[in-house]
Undergrad: 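Quick one: the structure is below, questions incoming.
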Amino acid sequence: MSRRHQLFAAVVSAAVLVLGGCGYEDTPVPTPIAEAKYTPGEVTDCNTDPATLLSEPADGTVDPGSTVDRIRREGVLRVGVSADTNLMAARNTQTNRIQGFDIEVVKAIGEAIFGDGFNLNTDVQLRVITAGDRIPLLGGPDAEGETRPAELDLVVRNFTINSCRKEQIAFSAVYYNATQQVLVRAEDADSYDGPESLAGKRVCAPNGSTSLINIEQQQPEAEIVPSVTHTGCLIKFQRDEVDAITGDDTVLAGLAAQDPYAVVPEQIPLNPEPYGVGLPLGDDEFVAFVNYALEQMVASNEWQRAYNTWLADELGAGSPPTAIDPTS
Amino acid sequence: MTQPVAAPPPPAPSAQPAPAQPAPPAKARKGFWPAPTGKPVGAGVEDTPSLLNRLQIIGMAAVLLFGLASGLVQFLSYQSDGRAADDTEQLLRIQEIRSSLLHADAVATNEFLIGGAGDPNLSTDYDESIEDLLKQITAASDAQPADEKALEALVVEISRYTTAVTEARVNSRQGNVLGNGYMSDASALARGNAKAILDNLVEANTERAEDSMGGQHPFWLLLIGVVAAAVLVWISILLASRFRRYVNVGIGVATIIVVVTTLVASVAAWRGASQNDDLLDKELQNAVDQSAARVAGNDAKAYESLRLILQGSGPTYEPLWEDAAAIVEERASRTVLDEWNAYADGHRQIVELDDRDRWFDAKRIAIDTGDEAPTASFDNFDEVSQQVADDNGEITTDELRAGRTLALIGSLLTLVLGFVAAVAVARGLGARRREYA
């Protein structure tokens, strides 16, 4: 075959192949979706000064027409709680009941309102809410600044009292002195010596939380890894994507209780996070009654029993805050 | 075979050499055609044998090229229909992979919602869904090498998904609320990178199937035929003017072959294109719509379970459920809408109870396996949706493959007829050459 014929044959073959569409372009593989970037939360001048933490003096008097009187008449106390904060308020997957230290606080308030015949299952409506719902459901402003009538009587959901929130809703006296701490791997527990040990380490907390701002300020060399929730942080921890988690000691205790290789070592707290019961603004009588219920909880030793049941294993010995201790 | 001529041979004297003094040109009479003589007009003025040779080359080349080009176009259509059937099968396979993944997630989240040791039947359903999913991925990878890399990436994502589901189950059995986190993380994985990969696969295969279905070219067949016929007509006119014969039988036969072949091939191609358009608009679209509805339905069922697993997350998941439900209502076949509506009614009951903090009652309805329960209606919707998608997909691929044999025979026949026409042209020109000689 001459060169011209060979060339012709080659051209025809190529044309047939091209026209026949024998080859397809590879289906593109998309770039993996990037993890959410760290977006520092807004730095505010909110504080937890002693003056901010002052509450109404405890008073168990119930006047006709008061909130407690209404709750008794209606036969139901509406409380906003968490259902996934282990040890504080989480649903037991075996019994389907929500239980934890915060639920013990709800019980104590319920007993003070309804008396001896109190039954948590029938007298309390536990409404599972998110952290973002805490203030709006008590009649405070939501993220857009809109307000609507309060739908709940109380919120007991690891709720830190600070000066900014106190302008939006009312708080009881401090019922638990939580602090921001750090959770590390069991093998790093002995060598952990505060924020300086976190230099070069990957530290996780919910994106936009004040916990991350505190870590960033105290250890700029730490690598900040954000997550949506603390549970998300523990998943990252178990997948070896982070070395440490920071947050309230109660939350970290709940995480450590689910992972034998995670511990909250003894440490100097990074920040105070005093917990209070949230109430609608302007009902001082009800605030005083809740403080009375909290004092009763301490006086009857129920507070200590609840702490020992839920938190002592992970956080060590603890005692009631002086604000609700009638003996202090 | 001898070449027939249009008229008896002319008298011998006309073949004699031209006289020294050419006769004055006959005066053309209006409305009068000179009698055919078989002798070239103005013979001796031009080189007639060369002209005949040239016309023969042109005529034969025209019909041979016609046979080749028209046959090739028909062969490409044959190939194209085959590819369209394969691409359609691949598209439906990818859609099934997508719906199987979300079905697995709907089952996994519903089983997780039960809590404790879960439900062995749902566990089996989940395991079988994942097994089917992996088999479908292997089949899809074998069927379309261009999808191989994307499917490899998908397998990695599915592996991450199943690992997260396993971690969720283990944590749930141990009573850890962390299981909720793993379960929602798993669901997010099924809708994150995996969804992006599947979207690309669906888009690429839809484009391939549509392109392949557009592989019928009646216009090109018509154009090729018209050009070839025009060349033959031009040769006929030239011959008629040279030899004073109206018709050259050889050229005439070749022209008839070209015209008839072109008409038959064009009509067949037009019908093929029309049928492909119908399949694209009806059966294939039905299959794709039903698959999309099944995907959205399973999405919705998983969101319903997640809102109950992550208690208090109704405001997050309900808008997602509503979006998915809107897709089902828009794209699902009417045959499955009754089942869907029965499930959706149950879902609204669940939402109402959950919003009124009656979580236990809401959960009871969501995990009820009774025949009248919303989950049973959902399962029927899911099953019938897959059946509708499968049936329509099968009709599409069967129809595409049914017309292929005819297209292949047509392409080969056209090639042969091109040769036959070339022989006819050669004979037709040969007759004139003999007459001239």
Side-chain angles (χ1 to χ4, degrees), chain A residues 12 15-16 19-33 76 78-87 89-98 100 121 125-133 151 157 227-239 254-255 257-259, chain B residues 68 72-73 75-76 79-80 83 87 94 112 115-116 144-154 157 163-164 167 171-182 184-185 192-193 195-197 199-201 203-205 208 211-212 215 309-316 356-357 359-360 363:
Chain A
V12 168
V16 169
L19 287 169
C22 291
Y24 281 129
E25 271 184 39
D26 279 354
T27 302
V29 181
T31 314
I33 298 166
V76 63
R78 296 165 304 165
V79 188
V81 296
S82 170
D84 59 1
T85 309
N86 197 34
L87 304 185
R91 192 174 289 283
N92 181 319
T93 54
Q94 311 302 317
T95 64
N96 268 322
R97 303 282 172 203
I98 299 175
N121 296 328
Q125 184 181 9
L126 289 178
R127 181 161 171 187
V128 177
I129 61 171
T130 63
D133 290 335
E151 294 178 29
R157 194 190 188 285
S227 183
V228 178
T229 60
H230 273 105
T231 304
C233 282
L234 184 58
I235 290 173
K236 285 180 187 292
F237 184 85
Q238 292 187 341
R239 289 177 178 164
L255 299 183
Q258 299 176 79
D259 187 339
Chain B
L68 198 64
L72 182 63
V73 169
F75 182 71
L76 290 177
Q79 275 195 321
S80 186
R83 265 201 324 277
D87 292 341
I94 298 292
F112 189 87
Q144 178 54 278
D147 287 342
E148 213 171 285
K149 284 178 189 157
L151 289 166
E152 278 171 8
L154 182 64
E157 292 302 321
T163 303
E167 284 167 329
N171 274 284
S172 178
R173 277 172 172 261
Q174 291 173 348
N176 292 335
V177 285
L178 181 62
N180 295 355
Y182 271 113
S184 62
D185 186 56
N193 290 333
K195 180 181 178 297
I197 294 167
D199 283 349
N200 276 10
L201 283 164
E203 192 182 332
N205 283 290
R208 286 172 197 149
D211 285 353
S212 303
I309 291 168
L310 302 174
Q311 218 180 327
S313 61
T316 304
R356 285 165 50 206
D357 300 320
W359 184 83
F360 282 104
K363 177 185 163 180

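Quick caveat, the model's predicted, so the values are computed rather than measured.
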Undergrad: Which bit of B:Ser313 is near chain A, if near means a heavy-atom gap under 4.5 Å: side chain, backbone, both or neither?
TA: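 Nothing of B:Ser313, per the 4.5 Å heavy-atom cut-off to chain A.
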Undergrad: Using heavy-atom distances under 4.5 Å, tell me whether A:Asn92 contacts chain B through its side chain, its backbone, both, or neither.
TA: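 Interface part for A:Asn92: neither.
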Undergrad: Regarding A:Arg91 and the six-membered ring of B:Phe360, is the cationic atom NZ or CZ under 6.0 Å from the ring centre and inside 45° of its axis?
TA: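 Here A:Arg91 passes the 6.0 Å and 45° test against B:Phe360.
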Undergrad: Check whether B:Ala146 gets within reach of chain A through its side chain, its backbone, both or neither, counting any heavy atom under 4.5 Å.
TA: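 Interface part for B:Ala146: both.
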Undergrad: Can you list every pair that meets side-chain hydrogen bond (donor to acceptor under 3.5 Å, both in side chains) and has a residue in residues 144-154 of chain B, with sequence neighbours left out?
TA: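 Counting only pairs at least two positions apart or across chains, the side-chain hydrogen bond (donor to acceptor under 3.5 Å, both in side chains) contacts touching residues 144-154 of chain B are A:Asp26-B:Lys149, A:Thr27-B:Asp147, B:Gln90-B:Asp147, B:Asp147-B:Asn205, B:Asp147-B:Arg208.
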Undergrad: Does B:Lys195, at its NZ atom, have more than 12 non-hydrogen atoms belonging to other residues, nucleotides or ligands within less than 6.0 Å?
TA: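 No, NZ of B:Lys195 has 12 or fewer neighbouring heavy atoms, counting only those of other groups under 6.0 Å.
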Undergrad: Under 4.5 Å heavy-atom distance to chain A, tell me which part of B:Ala196 shows up: side chain, backbone, both or neither.
TA: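 For B:Ala196, the contact with chain A is made by backbone and side chain together.
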Undergrad: If only atom types and distance count, is the side chain of A:Asn86 paired as donor or acceptor with the main-chain N or O of A:Gly254 below 3.5 Å?
TA: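 Here the side-chain-to-backbone pair exists.
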Undergrad: Could you tell me which non-hydrogen atom of A:Pro28 sits nearest to which non-hydrogen atom of B:Asn200, and how far apart they are?
TA: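 So the two residues come closest at O-ND2, 2.8 Å.
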Undergrad: Among B:Asn180, B:Leu154, B:Leu201, which residue has the highest count of heavy-atom pairs closer than 4.5 Å to chain A?
TA: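 The option with the most such pairs is B:Leu201.
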Undergrad: Between A:Glu25 and chain B, with a heavy-atom cut-off of 4.5 Å, which part of the residue counts as in contact: side chain, backbone, both or neither?
TA: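 Interface part for A:Glu25: backbone (N, CA, C, O).
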Undergrad: Shorter than 4.5 Å, heavy atoms on both sides: which option in A:Ala90, A:Pro32, A:Ala83 has the most such pairs with chain B?
TA: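 Of the candidates given, the most pairs with chain B belong to A:Pro32.
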Undergrad: Judged by atom type as modelled, is there a donor-acceptor pair below 3.5 Å linking the side chain of B:Ser80 to the main-chain atoms of B:Ser212?
TA: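 Pair found, side chain donor or acceptor close to backbone of B:Ser212.
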Undergrad: Could you tell me which portion of A:Arg78 (side chain, backbone, both or neither) has an atom closer than 4.5 angstrom to a non-hydrogen atom of chain B?
TA: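 Contact with chain B involves no heavy atom of A:Arg78 at all.
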